[in-house]
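As C-alpha cells, the structure follows; a few thoughts come after it.
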Amino acid sequence: MNRRNWILLIALVVQAGLVAWLYWPRPAQTAAGPLLPDLAAAQVTGVTVEDNTNRVELAQREGRWALASGGDFPANSLSVTSFISAVLTVDTGRLVATAPASHVRLRVSDADFVRRVTLATANGEQVVYIGTSPNAGTVHVRAGGSDNVYLTDGALAGAARTDLAGWIDTTYVSLDPANVQQVTVTNANGALELVRGEGGEWTLTGLAPGETLDATALQTLASRVASISLTAPLGTTEQPGFGMDTPAAVVSAVISDTAAAPRTVTLTLGAQDAATSSYVAKSSASDYFVRVAGFQVQEFVDAARGQFITSTGDAPVSPLPAP
C-alpha cells in the first residue's frame, strides 16, 4: 500500500471515530433536582429507619417527636428534624445507574439495602434506600418506585442510625454522686443501709462490735446508683410480665444538696430476661418502664451483707475461774 493510500485510510478511520462519537447514544441529561421533589419537611409526621435486622420508628406526638417503637419515649427532636432535612436535600445531580439489575450490586434494592428510610405523611409514605459507599465521602441512594441510583453525601449513611442512642437520651438515672447521702438496697438477701459520713466515707448501719468494712466494695455499690442507662424503653403502662410485684431488688437513694430539701429516688428492678441478662426497671423519677443491662444493676440484685464485711473481730475471751 502506497503512502497516499495510508493517508486516506487513516483519514477514514478518524472520520468514522468522529461520527461514532457524535451519534453514540447517551443517557438523557436532566437538571439536578430533589430526590423527593413533592415532599416538604413540614409534611413529615413519621420516620422509620431500618436495616436488615433493626428498626427504629419515630412519630410526632402533640408537636414533639417520640419513639413510637418504644412506648412514645421522648426523642431528640433536633436529631429527627436534622435527619429529615438531610434526606430531603439529596438531589439527582450525580446519576450512576438506571438499570434495576444494579440495585442488588449497590444494595439499594427493595429486598437488600444498607438502610431503608420511610417518611410518613398524611398522604402516604415515601421511601429512600441507602446503599453502599464507593468512597468515604459518598453513598448510593435510590427513591422507592424509581430505577435511578444516585450518589450523595456519605454523611447521610451515618445519620441513618438504627440504634436507639441515635434518637433518644439513653440516660435513665442521673444523680450527682456528691449529693447521694444514703442508699438502701433490698433484695432476696435482706436489706442493706449505706450511709455517707461527714468525711464522705460510706458505712453500713448496724455494724456489730469488731466488724470492719470493705470500704472499696461499699463505695462501688453506693456510686452505682448515680448513673444507669436504658437499653430499651417499654412504655408507661405496667405489664404483667414486668415482675414489679416481686422485684429482684429495690434501691432507694436519699439526695441532699443546698438547693433543695432532701428527696428520695427509688429504682425498682423487676423481671430478668434470661436471653439478654437485662432487667425491667422503673425509677420513681420517670414515668417510663425501661430495660437496663444486667451488668449495671446485678450488684443490687446480688448484694448481701457478708460481701462488705472484712472482719468480724475476735470473740471475747472469758476470764478464767478463780482457783
Side-chain angles (χ1 to χ4, degrees), residues 44-50 53-84 120 161-177 179-180 183-187 222-255 257 260 262-301:
V44 179
T45 58
V47 178
T48 300
V49 185
E50 55 193 314
T53 56
N54 301 309
R55 174 187 175 99
V56 173
E57 185 178 350
L58 303 144
Q60 280 194 342
R61 296 288 189 259
E62 298 178 351
R64 64 178 179 86
W65 283 96
L67 186 67
S69 53
D72 285 348
F73 191 85
N76 185 324
S77 292
L78 180 59
S79 296
V80 181
T81 55
S82 296
F83 178 69
I84 293 171
R161 296 177 59 170
T162 57
D163 62 308
L164 295 183
W167 306 104
I168 66 172
D169 182 0
T170 58
T171 301
Y172 186 60
V173 176
S174 181
L175 306 173
D176 185 345
N179 293 332
V180 180
V183 176
T184 302
V185 180
T186 305
N187 58 25
S223 61
R224 182 72 73 183
V225 72
S227 179
I228 295 175
S229 299
L230 62 88
T231 59
L234 301 174
T236 58
T237 303
E238 182 176 350
Q239 303 297 327
F242 285 179
M244 294 293 133
D245 292 337
T246 55
V250 177
V251 185
S252 295
V254 177
I255 315 300
D257 55 39
R263 59 190 176 90
T264 300
V265 175
T266 300
L267 179 70
T268 303
L269 301 175
Q272 183 185 36
D273 177 46
T276 62
S277 298
S278 62
Y279 286 87
V280 176
K282 174 66 172 65
S283 168
S284 61
S286 174
D287 293 332
Y288 288 86
F289 294 87
V290 302
R291 190 167 292 283
V292 297
F295 73 87
Q296 290 196 98
V297 297
Q298 194 64 46
E299 289 176 81
F300 299 130
V301 176

For residues [X] and [Y], determine if any side-chain heavy atom of one lies less than 4.5 Å from a side-chain heavy atom of the other.
X	Y	result
S283	V265	yes
F289	T236	no
M244	T268	yes
T266	V250	yes
I228	L267	yes
L164	L67	yes
V301	L269	yes
N76	I168	no

Heavy-atom pair with the smallest gap, counting every atom of G241 and A271
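Smallest heavy-atom distance, with atoms named: O-CB, 3.5 Å.
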For A253 against V180, the heavy-atom pair lying closest together:
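Heavy atoms only, the tightest pair is CB-CG1, 4.3 Å.
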Between [atom1] of [X] and [atom2] of [Y], what distance do you get to the nearest 0.5 Å?
X	Y	atom1	atom2	result
S223	L175	OG	CG	11.5 Å
I84	S79	CD1	OG	11.0 Å
F295	R224	CZ	CZ	8.0 Å
T231	Y172	OG1	OH	11.5 Å
N54	R161	CG	CZ	12.0 Å

For the side chain of [X] and the backbone of [Y], is there at least one donor-acceptor N/O pair under 3.5 Å apart?
X	Y	result
N187	F300	yes
W65	T45	no
T81	L78	yes

Check step by step if side-chain contact (heavy atoms from CB on, under 4.5 Å) holds for V251 and V183.
CA-CA 7 Å; V251 185; V183 176; 4.0 Å; yes
Is the count of non-hydrogen atoms from other residues, nucleotides or ligands lying under 6.0 Å from R64 atom CZ greater than 12?
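Yes, because the 6.0 Å sphere around CZ of R64 holds more than 12 heavy atoms from other groups.
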Side chain to side chain donor-acceptor pair (under 3.5 Å) partners for E50, two or more places apart
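With neighbours one apart ignored, the set is R55, R116.
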Can you run down the side chain to side chain donor-acceptor pair (under 3.5 Å) pairs that involve residues 286-298, sequence neighbours left out, and say none if there aren't any?
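Those involving residues 286-298 are S278-R291, Y279-Q298, Q298-D302.
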